[in-house]
Amino acid sequence: MTNKIFNEALIAKYDKAGPRYTSYPTAVQFTDEFGNKEYIEAAKASNERLNPLSLYFHIPFCATICFYCGCNKIITKNRKRSEPYLERLFKEMEMQGALFSNRAPAKQLHWGGGTPTFLSHDEMKALMDKTREEFNLLPNDEAEVSIEVDPREANADTVRFLRSIGFNRLSMGVQDFDDKVQLAVNRIQPKEITIETLTAARDCGFNSISLDLIYGLPFQTVETFDKTLDEVIALSPDRLSVFNYAHMPHLFKTQKQMNAADMPSPQEKLLILKLVIERLTEAGYVYIGMDHFAKPTDQLAIAQQEGLLYRNFQGYSTHADCDVVGMGVSSISQIGDIYSQNAKTMPQYEERIDSGQLAIMRGVKLTRDDVIRRHVITEIMCNLKLDLDQVSRDFNIDAREYFKADLPELEAMQDDGLIIVDKDKYYVQDAGRLLIRNIGMVFDAYLQKNDNRFSRVI
């Protein structure tokens with residue numbers, strides 16, 4: 001299967017910058033002309049429909065800095081920093097909770113960061129209790145309740161505690177087990193503590209365990225990463241995310257602390273990627289697309305097989321019917337046909353909440369064209385297909401006429417084996433999974449040539 005997916009000539013041909021399409025339009029199109037008024041209108045419409053909700057909380061604190069990280073975070077060893085943040089987060093939850101009916105079920109909850117387990121046990125329980133107070137979080141594992149965990153901050157006791165307060169899905173950052181790589185990126189994480197955390201999660205009944213890896217970091221080679229993959233496959237997580245490191249020190253200053261000369265060459269990175277696809281598919285994982293792999297029994301793989309996979313700012317999701325309510329500094333919401341983002345800096349976030357306002361600083365209201373193109377890009381990115389007849393019916397348009405300027409480029413990809421065209425149906429092939437961003441980019445009305453605001457697709 002690897003030979004079908006991995007074709008160096010095609011990778012060279014399609015190697016350019018492009019969005020990851022966790023939204024369409026992307027965050028580049030967000031504007032500060034969007035504010036509380038537009039958000040409240042969207043929330044009211046969602047409430048009238050009793051749309052189910054997906055809740056996201058951003059916990060920005062980390063005790064140490066990982067040099068490669070591009071997330072919105074605050075580096076501090078002062079654990080007292082979390083107390084005033086949670087006080088404001090609770091106020092935001094009250095404001096957000098008042099916008100939605102308590103009959104609207106919250107089917108998903110996710111804590112991201114930063115490092116959510118930076119919080120104390122008491123703080124984590126208080127946040128979960130407040131969530132249940134303000135929103136109708138479904139009980140007894142009926143909801144997907146997930147958290148990002150740093151094994152350096154979460155021993156077996158913490159994992160058991162997380163399960164006791166309702167978490168049933170867990171993702172862990174590993175990045176690489178190689179000692180030299182860990183030292184270079186300032187993330188010293190002995191294999192033993194990762195195993196301890198994963199074993200505890202499995203023993204206390206977490207429904208899904210995911211590991212994150214990164215390729216393209218200093219001192220990585222095919223040989224060293226192969227050893228990491230040996231360890232990872234032996235751990236047998238339900239899901240794996242294997243991210244391509246994007247070196248963008250002009251945007252993320254801490255990346256300057258890594259020596260570019262120590263990083264693998266573009267050719268070595270491609271060989272590592274080829275190895276990843278080969279090893280994981282041989283181990284029985286389904287290549288979902290881009291950088292995600294899952295066991296065939298995992299909900300991601302099942303949702304994709306059934307044509308129900310979705311994508312939002314948290315990545316691939318199995319609940320396309322949910323409106324996403326993001327809370328905390330920099331978090332992003334998706335309510336119907338709007339996206340909104342909270343203040344990115346802590347002083348801005350504090351100022352908004354302290355003044356009794358939602359923390360929204362920017363966003364975008366989708367046009368009808370945006371909604372149609374979002375649907376098309378989502379179908380391609382998630383479910384690996386596009387049915388123009390269905391699009392015509394769903395949106396009361398002639399889809400072939402509507403996309404007449406885009407379809408020739410899409411159909412040209414058939415010659416490269418990325419897709420198969422069958423009348424008005426387009427099916428992504430194995431080679432197209434790796435270049436799925438390129439296929440989605442065909443329908444992006446905002447994309448500019450040589451757009452350097454995005455990472456490269458490979």
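In this chain, numbering begins with 1 at the start of the sequence shown.
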Arg362 to Phe30, cation-pi by 6.0 Å centre distance and 45° axis angle: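 Judged by the rule, Arg362 and Phe30 form no cation-pi pair.
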Tyr427 six-ring centre to Lys385 NZ/CZ under 6.0 Å and within 45° of normal: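 No cation-pi geometry.
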At their closest point, which heavy atom of [X] faces which heavy atom of [Y], and how far apart are they?
X: Gln182; Y: Asp176; result: NE2-O, 2.9 Å
X: Asn438; Y: Tyr14; result: ND2-O, 2.8 Å
X: Tyr349; Y: Ala343; result: N-CB, 3.6 Å
X: Ala106; Y: Ala143; result: O-CB, 3.8 Å
X: Tyr339; Y: Pro25; result: CE1-O, 3.9 Å
X: Asp444; Y: Pro19; result: OD2-CG, 3.9 Å

Inspect the contact between [Y] and [X] and indicate whether a charged nitrogen and a carboxylate oxygen are less than 4.0 angstrom apart.
X: Arg169; Y: Asp238; value: no
X: Asp416; Y: Lys13; value: yes
X: Asp291; Y: Arg20; value: yes
X: Glu231; Y: Lys191; value: yes
X: Asp150; Y: Arg187; value: yes
X: Lys227; Y: Asp178; value: no

Test log, rule side chain to side chain contact (heavy atoms under 4.5 Å, CB included), inputs Leu418 and Val428: CA-CA 6 Å; Leu418 303 189; Val428 177; over 6 Å; no
Using a 3.5 Å distance criterion without hydrogens, assess whether the side chain of [X] forms a donor-acceptor pair with backbone atoms of [Y].
X: Thr26; Y: Ser23; value: no
X: Ser331; Y: Gly328; value: yes
X: Gln108; Y: Glu144; value: no
X: Thr224; Y: Gln220; value: no
X: Tyr24; Y: Val371; value: no
X: Gln341; Y: Ser330; value: yes
X: Gln189; Y: Gly173; value: yes

Would you indicate whether the side-chain heavy atoms of [Y] and [X] approach each other to under 4.5 Å?
X: Leu109; Y: Tyr56; result: no
X: Asp230; Y: Arg279; result: yes
X: Phe61; Y: Arg81; result: yes
X: Leu384; Y: Ile436; result: yes
X: Glu134; Y: Phe90; result: no
X: Thr228; Y: Val232; result: yes
X: Asp212; Y: Ser210; result: yes
X: Tyr21; Y: Met441; result: yes

Working to the nearest 0.5 angstrom, can you tell me the gap between [X] [atom1] and [Y] [atom2]?
X: Leu388; Y: Leu407; atom1: CG; atom2: CG; value: 6.0 Å
X: Ile147; Y: Asn168; atom1: CD1; atom2: CG; value: 11.5 Å
X: Leu213; Y: Phe177; atom1: CG; atom2: CZ; value: 8.0 Å
X: Arg152; Y: Thr194; atom1: CZ; atom2: OG1; value: 9.5 Å
X: Lys425; Y: Asp387; atom1: NZ; atom2: CG; value: 4.5 Å
X: Ile65; Y: Phe252; atom1: CD1; atom2: CZ; value: 11.0 Å

Verdict with reasoning, Arg373 to Asp406, per side chain to side chain contact (heavy atoms under 4.5 Å, CB included): CA-CA 11 Å; Arg373 291 178 181 273; Asp406 308 306; 3.3 Å; yes
Please output the side-chain donor-acceptor pairs of residues 299-310 that fall under 3.5 Å, not counting sequence neighbours, one pair per line with the distance.
from, atom 1, to, atom 2, distance (Å)
Gln304, NE2, Ile288, O, 2.8
Gln304, NE2, Cys382, O, 2.9
Tyr310, OH, Gln334, NE2, 2.9

Candidate pair Asp129 and Ile165, rule side chain to side chain contact (heavy atoms under 4.5 Å, CB included), full reasoning: CA-CA 9 Å; Asp129 289 345; Ile165 63 173; over 6 Å; no
Donor-acceptor pairs under 3.5 Å, side chain of residues 66-75 to any protein atom, not counting sequence neighbours: which ones?
from, atom 1, to, atom 2, distance (Å)
Tyr68, OH, Gln175, NE2, 3.4
Asn72, ND2, Lys344, O, 2.9
Lys73, NZ, Cys69, O, 3.0
Lys73, NZ, Cys71, O, 3.3

Aromatic plane relationship, Phe293 with Tyr287 - under 30° parallel, 30 to 60° tilted, over 60° perpendicular: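 Rings of Tyr287 and Phe293: parallel, as their planes differ by under 30°.
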Ring geometry between Phe403 and Phe443 (parallel below 30°, tilted from 30 to 60°, perpendicular above 60°):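 Ring orientation of Phe443 relative to Phe403: perpendicular.
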Derivation and outcome, side chain to side chain contact (heavy atoms under 4.5 Å, CB included), residues Val324 and Ser333: CA-CA 5 Å; Val324 180; Ser333 298; 5.6 Å; no
Verdict with supporting geometry, Ser236 and Lys295, side chain to side chain donor-acceptor pair (under 3.5 Å): CA-CA 9 Å; Ser236 190; Lys295 289 183 176 180; 2.6 Å; yes
Atom NZ of Lys130 with >12 non-hydrogen neighbours under 6.0 angstrom: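 Buried by this count: over 12 neighbours within 6.0 Å.
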Within 6.0 Å of CD in Glu133, more than 12 heavy atoms from elsewhere: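 Enclosed: over 12 neighbouring heavy atoms sit under 6.0 Å from CD of Glu133.
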Side chain to side chain donor-acceptor pair (under 3.5 Å) evaluation trace for Thr221 with Glu268: CA-CA 7 Å; Thr221 67; Glu268 186 81 5; 4.7 Å; no
Side chain to side chain donor-acceptor pair (under 3.5 Å) between His250 and Gln255, intermediate numbers included: CA-CA 9 Å; His250 60 289; Gln255 292 185 355; over 6 Å; no
Sub-6.0 Å ring centroid separation between Trp111 and Phe167: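 For Trp111 and Phe167, the ring centres are under 6.0 Å apart.
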Full working for side chain to side chain donor-acceptor pair (under 3.5 Å) between His319 and Ser54: CA-CA 8 Å; His319 287 285; Ser54 174; over 6 Å; no
Listed once per pair and sorted, the salt bridge (Lys or Arg N to Asp or Glu O under 4.0 Å) pairs that draw on residues 153-164, sequence neighbours left out: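 For residues 153-164, and leaving out neighbouring residues, the salt bridge (Lys or Arg N to Asp or Glu O under 4.0 Å) pairs sorted by first residue read Arg79-Glu153, Asp141-Arg163, Asp157-Arg160.
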